[in-house]
Peer 1: 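If you scroll down you'll find the structure; I have some questions about it.
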Amino acid sequence: MTPTPTAARHLVRPDIAALDGYVPGEQPQGGDWIKLNTNENPYAPSPAVARALAAAAAGRTLAKYPDPLATVFRRRAAEVLGIDPDWILCGNGSDDLLTILVRAFVGAGECLRMPYPSYILYRTLAGIQGAECDEFRYARDWSLADGFAAPRTASGADVKLAIIANPNSPSGTLLPPARIRELADRLPCALVVDEAYGDFADTHCLDLVKENERVIVTRSFSKSYALAGLRFGFAVAQPHVVEQLLKVKDSYNCDALSIAAATAAIDDQAWLTDNRAKIVATRRRLTDAMRGLGYDAVDSQANFVWCTHPERPHRPVYEALKQRGILIRFMNYAGWGDGLRITVGTDDEIDAFLSVMKTI
Ligand SMILES: *Cc1c(COP(=O)(O)O)cnc(C)c1O
């Protein structure tokens, strides 16, 4: 007998049955797409990564369980960041760290606060906990009012965790560390600063972690280190906070290959500096060209640019590009509006994108 899909709804918790699962951007497997839709880095990672992977795959390394704490990575990352290794918690991508954080801080009936529009996964993670997600709107200039730090929601739920993507997606905008500090001081709970795009920005919030035990920063290897396929990220928090989070993570959440590869990647800071310079230069060119085509393109601190057109509808542009083998992200935020999020590709990819845009 073939089970009917609806029957499963009665097997799972009502919270889960009611949930809209998170839908990632399109990841076509195969084909000759120009992918400007999920903020991957268009360049190959540091060559040191392939060497580290080959070494880790040889011999008996893979026969053993990996180090649960990814100690070699934490030692090297701590040197690069100027902190101690016990301030670092590693994860299977920063999505894994966000899952650990929400599970650790937010219980059923409590509340997770996030700005809107931002990374939709936070909402899904709150839903899995049976928690409320309070989405507080950015102002039209992408600033965030003090109300973001209110201790309770309108319905009376206690805010137990706030998460701000900084730089934000889809806008690419950055709240300065001084503003993050003010919000952290006012909030009644921990504040996660999701710096998945932090390496492309002018500033970051690592110093706030040292000042305030309630600030936690997360970083990803998917964007700035060109390792989205590897799945590795880390969080920076005060050691006694890390100690609590360790109880929540899976024992072996990072595999031996990803630990070796991420250690080689963070060791090659020259690669990061060079890659960042290329992305920032192409980002400038893409922003100016979109403005030349009549779009409002927001100045970005990330590896993508958020564009809206004052008159023309956005979805047909996304569709016309797709027909020509170019994927960008069409986003429609209820109560806010829609727009196009374009990842900064190579110069050739952006040239191909712009030449199609001129014909649409
Ligand atoms: C891409 C992204 C992540 C996820 O990063 P992974 O390390 O690939 O899990 C987290 N937060 C934001 C805002 C992102 O855009």
Side-chain angles (χ1 to χ4, degrees), residues 21-27 35-42 45 49 70 73 77 88-103 112-126 128 133 135 138 142 144 161-175 180 191-201 204-205 216-236 249-250 253-255 257-259 261-262 265-266 272 279 283 298 300-306 327-329 331 333 339 341-344:
Y22 177 73
V23 184
E26 292 164 273
Q27 304 293 0
K35 264 191 102 270
L36 306 175
N37 68 329
T38 51
N39 301 342
E40 289 134 321
N41 199 301
V49 167
F73 173 83
I88 299 176
L89 173 74
C90 297
N92 180 31
S94 55
D95 285 352
D96 179 37
L97 295 157
L98 294 166
T99 302
I100 292 167
L101 289 159
V102 175
R103 286 169 72 194
L112 168 78
R113 181 167 290 132
M114 62 180 281
Y116 182 82
S118 187
Y119 190 37
I120 297 160
L121 178 72
Y122 309 147
R123 181 198 296 161
T124 310
L125 295 176
I128 293 169
C133 186
E135 301 182 40
Y138 278 108
W142 300 98
L144 199 56
L161 183 67
I163 310 183
I164 299 177
N166 205 44
N168 183 48
S169 173
S171 58
T173 50
L174 185 86
L175 298 177
I180 297 282
L191 169 63
V192 172
V193 185
D194 177 347
E195 293 190 349
Y197 303 102
D199 289 317
F200 301 111
H204 60 75
C205 289
I216 300 161
V217 165
T218 58
R219 293 275 177 93
S220 170
F221 275 62
S222 299
K223 281 76 184 226
S224 56
Y225 286 95
L227 290 170
L230 186 76
R231 313 306 307 137
F232 197 88
F234 63 93
V236 179
K249 81 174 191 74
D250 291 343
N253 61 329
C254 299
D255 63 86
L257 294 176
S258 73
I259 295 168
I266 203 164
L272 182 71
I279 298 284
R283 179 176 81 193
V298 181
S300 173
Q301 290 273 304
N303 68 336
F304 54 84
V305 180
W306 177 245
L327 282 178
I328 62 167
R329 196 78 178 262
M331 298 283 211
Y333 295 99
R341 196 191 67 187
I342 304 144
T343 302
V344 177

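Residues take their numbers from the sequence shown, with the count starting at 1. Note that ligands are numbered from 1 as they come in the structure, with each ligand's atoms numbered from 1 the same way.
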Peer 1: So does Asn37 get a backbone contact from the side chain of Arg341, meaning a donor-acceptor N/O pair under 3.5 Å?
Peer 2: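 Indeed, once roles are kept as given, a pair shorter than 3.5 Å links the two residues.
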Peer 1: Quick test: of every protein heavy atom, which one is nearest to atom 8 (O) of ligand 1, and how far off is it to 0.1 Å?
Peer 2: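 Looking at atom 8 (O) of ligand 1, the protein heavy atom closest to it is Ser222 OG, 2.6 Å.
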Peer 1: Please determine whether any non-hydrogen atom of Asp194 lies less than 4.0 Å from an atom of ligand 1.
Peer 2: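 Flag set, Asp194 near ligand 1.
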Peer 1: Apply the side chain to side chain contact (heavy atoms under 4.5 Å, CB included) test between Asn41 and each candidate in Phe221, Tyr225, Phe200; give the one that qualifies.
Peer 2: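 The residue from Phe221, Tyr225, Phe200 that satisfies side chain to side chain contact (heavy atoms under 4.5 Å, CB included) with Asn41 turns out to be Phe200.
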Peer 1: Identify, by atom number and element, the atoms of ligand 1 in contact range of Gly93, meaning under 4.0 Å from any of its heavy atoms.
Peer 2: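 This gives 7 (O), 9 (O) as the contact atoms.
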Peer 1: What protein heavy atom sits nearest atom 1 (C) of ligand 1, and how far off is it?
Peer 2: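 Answer for atom 1 (C) of ligand 1: Lys223 NZ, 1.3 Å.
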Peer 1: Is a side-chain donor or acceptor of Asn168 paired with a backbone partner of Pro117 at a separation under 3.5 angstrom?
Peer 2: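 Checking the backbone N and O of Pro117 against the side chain of Asn168, a donor-acceptor pair under 3.5 Å is found.
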Peer 1: Please say whether Tyr119 places an N or O atom under 3.5 Å from an N or O atom belonging to ligand 1.
Peer 2: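 No - when backbone and side-chain N and O of Tyr119 are compared with those of ligand 1, no distance drops under 3.5 Å.
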Peer 1: Which value, rounded to the nearest 0.5 Å, describes the distance between Leu227 atom CG and Ser258 atom OG?
Peer 2: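 If we round to the nearest 0.5 Å, Leu227:CG and Ser258:OG are 10.0 Å apart.
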Peer 1: Find all atoms of ligand 1 within a distance of less than 4.0 Å from any non-hydrogen atom belonging to Ala196, and give their numbers and elements.
Peer 2: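 Selected atoms, number and element: 2 (C), 10 (C), 11 (N), 12 (C), 14 (C).
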Peer 1: Looking only at protein heavy atoms, identify the closest one to atom 9 (O) of ligand 1 and say how far it is in Å.
Peer 2: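 For atom 9 (O) of ligand 1, the nearest protein heavy atom comes out as Arg231 NH2, 2.7 Å.
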Peer 1: Which atom names give the shortest non-hydrogen contact between Val298 and Thr173, and what distance separates them?
Peer 2: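 Between these two residues, the closest heavy atoms are CG1-CG2, 3.5 Å.
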Peer 1: Quick one: does Ser169 get an N or O within less than 3.5 Å of an N or O on ligand 1?
Peer 2: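 N/O-N/O distance below 3.5 Å does not exist for this pair.
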Peer 1: Is there a donor-acceptor pair closer than 3.5 Å between any side-chain N or O of Glu195 and the backbone N or O of Cys205?
Peer 2: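 Flag set: sc Glu195 to bb Cys205 pair under 3.5 Å.
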Peer 1: Non-hydrogen atoms of Tyr197 versus ligand 1: any pair closer than 4.0 Å?
Peer 2: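 Heavy atoms of Tyr197 do come under 4.0 Å of ligand 1.
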Peer 1: Which is it for Asp95 and ligand 1 at heavy atoms under 4.0 Å: side chain, backbone, both or neither?
Peer 2: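 Both of them.
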Peer 1: Do Asn253 side-chain atoms and Cys90 backbone N/O form a donor-acceptor pair below 3.5 Å?
Peer 2: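 Pair found, side chain donor or acceptor close to backbone of Cys90.
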Peer 1: With heavy atoms of Ser94 as the reference, note each atom of ligand 1 found under 4.0 Å away.
Peer 2: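 The list of qualifying atoms is 3 (C), 4 (C), 5 (O), 6 (P), 7 (O), 9 (O), 10 (C).
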Peer 1: Any donor and acceptor pair, going by atom type alone, linking the side chain of Arg283 with main-chain N or O of Val305 inside 3.5 Å?
Peer 2: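 No, because the side chain of Arg283 does not come within donor-acceptor range (under 3.5 Å) of the backbone of Val305.
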